[in-house]
Amino acid sequence: MTSASTPVIEGRALTRDYLTGGGFFGRAKSVRALKGISFRVEQGKTLAIVGESGCGKSTLARIITLIDPASGGELLLDGVPVDVGRGAPTREMRRKVQIVFQNPYGSLNPRQKVGDMLMEQLYLNTDHTAAERRGEARAMLEKVGLKPEHFNRYPHMFSGGQRQRLAIARALMVRPKLLVLDEPVSALDLSVQAQVLNLLADLQDEFGLTYVFISHDLSVVKYIADEVMVMFKGEVVEYGPRDQVFGAPAHDYTRTLFAATPRADVESIRARLARKRAA
Amino acid sequence: MGRLLEIRNLCVSFDTARGPFRAVDGVDLSVDEREVLAIVGESGSGKSVGMLAVMGLLPATATVTADVMRFDGKDLLSLSVQDRRKIIGRDISMIFQEPIASLNPCFTVGFQLAEVLTAHMGMTGAQARARSVELLAQVGIPDPEARLSAYPHQMSGGQCQRVMIAMAIACTPRLLIADEPTTALDVTIQKQILDLILQLQQDHGMGLIMITHDMGVVAETADRVVVQYRGKKMEEADVLSLFENPQHPYTRALLSALPENAKGDRLPTVGEMMGASQ
Ligand SMILES: Nc1ncnc2c1ncn2[C@@H]1O[C@H](COP(=O)(O)OP(=O)(O)OP(=O)(O)O)[C@@H](O)[C@H]1O
Ligand SMILES: Nc1ncnc2c1ncn2[C@@H]1O[C@H](COP(=O)(O)OP(=O)(O)OP(=O)(O)O)[C@@H](O)[C@H]1O
Ligand SMILES: [Mg+2]
Ligand SMILES: [Mg+2]
């Protein structure tokens, strides 16, 4: 077993370069999307990542989940260095680390019924019987707030928020050790969002799951995170325990972010409507 | 103020293996020029499907009926396919909920923007290119000139969403339907985008339907709010009354389900609260 001091996942000075251009007119040039990112997450903890759109969060998510190689730096899973640029990760590693992609539409196979999709995860990764697989898949659908009649539907027959929940259900089927969630509740109304966040919290308590949670929603981050990392243009500008980051934000960008959060109080609405009438 | 869109008793049902499923059940809606109507409601309550019905973009398994569906005095249901196409994309445009699914992966961002501008605005290639750069800059894409030659998969989630927004506002439509337009954006860029849309609205008298689950966005943009639940309209109110004095238990539950209202280490869910309030 891993000792408490070995993080489930650790990044050391990770970088990632993308080649762009190279079409008709220009020569390919390289853009550095991650400029040396370091972090560590211990078992049963949640690291939340926030930052400007385009700052490199999804890029980092794909590196952590062994989908893309880093261009530089080191990634350690349970203390063991992994480099997918050199050799494909083992099936065991892949099972351990799951991802919920930012864009559920693109990550669900349009020709596969959702029940089959969920059962396939178990078929590939466990030796459960067919009846067990069916039962577990149905139970998981219910846990994310979907219904038994959804079992035989194709992904395109769902609403945006329902598809997002399908992606979460699929990732949870194999009981990963580390789950990277890229904007997993961005399409959910507050009610369903609460249900999903509670489910994640339950699983974390019960099985010690570790989460890397990317979100634009600061109230969600404040609720779910143990630690918060703020990224800006490919760099980490702030990183610390939740209460410290929210209580005493040190970087300008973090402060700008907090200040831009929309206000839903009646006084602010009144003021806005008055401005609109005056315009 | 002119009425732009008027819908009465809209119903949409889908054929499914288990028989018809009614996704939208007798919804009335209207929006005027220069008005912002927000639609909020539970995931799966028929918000997107209702608006896709207006756009005529539902699959063949959907049956759409309505007593009235009028845009600018024209009956959308009886228009020929050609006449409807002239309106859709030009006078009414939509920001789709899943941007990456509605951008074509095989063409560059610049090509897709230019296509909208040449088809609907009659621009030349050079004009369209210049306008595309301008639009990308307006939605806050850094280095817009260079980004014209990027493919959708080379952009971040929020950048794709902003390209989608640029495409939807490219023709300055008279009615813009924005389906969760800022879900992939951090709050600073969200603010920039909402300001941009509201400015267009002021300048051109555009009507706006904003589907969102973000009550902060509702508070900062809407004039009027419709609350939908399981295919039905539960409540409609001007924005101030809705926040001050929500009538329906679902609306009350929705407003109090904000994560900042968490008690203990679990969040209250609307189901629990509705159960408690009845
Ligand atoms: N395949 C690619 N080729 C070239 N550039 C890319 C590629 N993928 C991403 N980028 C660029 O790298 C930067 C970081 O992208 P990334 O998707 O990681 O951002 P993000 O923080 O997830 O943003 P968002 O919040 O909008 O989803 C962006 O500027 C993006 O345009
Ligand atoms: N092609 C289809 N076949 C069958 N049912 C469908 C189809 N498309 C959508 N539905 C169902 O119609 C209902 C309404 O879907 P819609 O996309 O309008 O929800 P929504 O209110 O936009 O939700 P969200 O907030 O999650 O996007 C959902 O229950 C969905 O499962
Ligand atoms: Mg992203
Ligand atoms: Mg929707």
Side-chain angles (χ1 to χ4, degrees), chain A residues 18 20-21 23 25-26 50-54 57-59 102-106 145 149 152-153 156-163 165 182-183 186-195 197-198 201 216-220 222-223 256-257 260-266 268-270 272-273 276 279, chain B residues 14 16-18 40-44 47-49 59 97-98 100-101 140 142 146 149-150 154-159 161-162 179-180 183-191 202 213-220 223 239-240 243-244 253-255 257-260 262 265-271:
Chain A
Y18 286 117
T20 58
F25 305 105
V50 301
E52 198 180 37
S53 168
K57 302 179 297 294
S58 300
T59 299
Q102 185 172 15
N103 147 40
Y105 206 96
E149 67 256 34
N152 285 315
R153 284 200 198 161
H156 75 269
M157 299 173 170
F158 288 86
S159 78
Q162 289 170 338
R163 262 195 290 277
R165 285 176 274 159
D182 195 352
E183 298 282 359
S186 66
L188 302 181
D189 67 283
L190 290 170
S191 154
V192 175
Q193 174 176 295
Q195 186 177 357
L197 295 178
N198 288 343
H216 287 306
D217 189 330
L218 296 171
S219 59
V220 170
K222 196 169 183 178
Y223 167 71
T256 314
L257 208 56
T261 302
R263 314 187 42 133
D265 58 290
V266 169
S268 312
I269 299 174
R270 271 216 185 88
R272 173 179 67 83
L273 293 173
K276 181 166 178 174
Chain B
F14 289 99
T16 72
R18 299 186 165 207
V40 303
E42 204 186 34
S43 171
K47 304 180 297 290
S48 302
V49 165
Q97 187 173 3
E98 284 157 302
I100 193 91
S149 56
Q154 296 176 317
M155 311 274 275
S156 80
Q159 288 167 342
Q161 191 163 44
R162 286 178 275 159
D179 192 353
E180 303 280 4
T183 46
L185 305 180
D186 61 279
V187 286
T188 58
I189 292 188
Q190 167 171 286
K191 188 161 180 358
Q202 290 291 309
H213 65 272
D214 186 332
M215 297 311 276
V217 170
V218 174
E220 294 215 332
D223 296 311
V239 62
L240 202 53
F243 279 86
E244 267 183 334
L254 205 57
L255 287 169
L258 290 161
E260 40 270 48
D265 63 349
R266 292 296 184 273
L267 291 163
T269 64
V270 168

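Order of the sequence lines fixes the chain letters, A, B, ..., with proteins taken first and strands second; residue numbering starts at 1 for each chain.
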TODO: Answer with side chain, backbone, both or neither: which region of Glu244(B) has an atom nearer than 4.5 Å to a non-hydrogen atom of chain A?
DONE: both
TODO: Heavy-atom distances under 4.5 Å only: say whether Leu257(A) touches chain B with side chain, backbone, both or neither.
DONE: both
Open item on the list: Can you tell me which portion of Tyr105(A) sits under 4.5 Å from chain B's heavy atoms? Options are side chain, backbone, both or neither.
Closed with: both
TODO: Counting only heavy atoms closer than 4.5 Å, note whether Val218(B) contacts chain A via side chain, backbone, both or neither.
DONE: backbone
Task: Closest approach of Asp186(B) to Gly51(A) (non-hydrogen atoms, all atoms of both residues) - done: CB-O, 3.7 Å
TODO: Sort Ser48(B) into side chain, backbone, both or neither according to what part of it lies under 4.5 angstrom from a heavy atom of chain A.
DONE: neither
- [ ] Kindly give the heavy-atom pair with the smallest separation between Gly161(A) and Gln97(B), and that separation in Å.
- [x] N-NE2, 4.1 Å
- [ ] Counting only heavy atoms closer than 4.5 Å, note whether Glu42(B) contacts chain A via side chain, backbone, both or neither.
- [x] both
Open item on the list: Among residues at least two apart in sequence or on other chains, which ones pass salt bridge (charged side-chain N to carboxylate O under 4.0 Å, His left out) with Asp223(B)?
Closed with: Lys276(A)
- [ ] Write down the atom of His216(A), the atom of Ala184(B), and the distance for their closest heavy-atom approach.
- [x] NE2-O, 2.9 Å
Task: Heavy-atom closest contact (Gly216(B) atom, Ala264(A) atom, distance) - done: CA-CB, 4.2 Å
Task: chain A contact via Leu185(B) - which portion, at a heavy-atom distance below 4.5 Å - done: both
Task: Interchain contact, Ser268(A) with chain B, by part (heavy-atom threshold 4.5 Å) - done: neither
TODO: Can you tell which part of Arg270(A) gets under 4.5 Å to a heavy atom of chain B, answering side chain, backbone, both or neither?
DONE: both
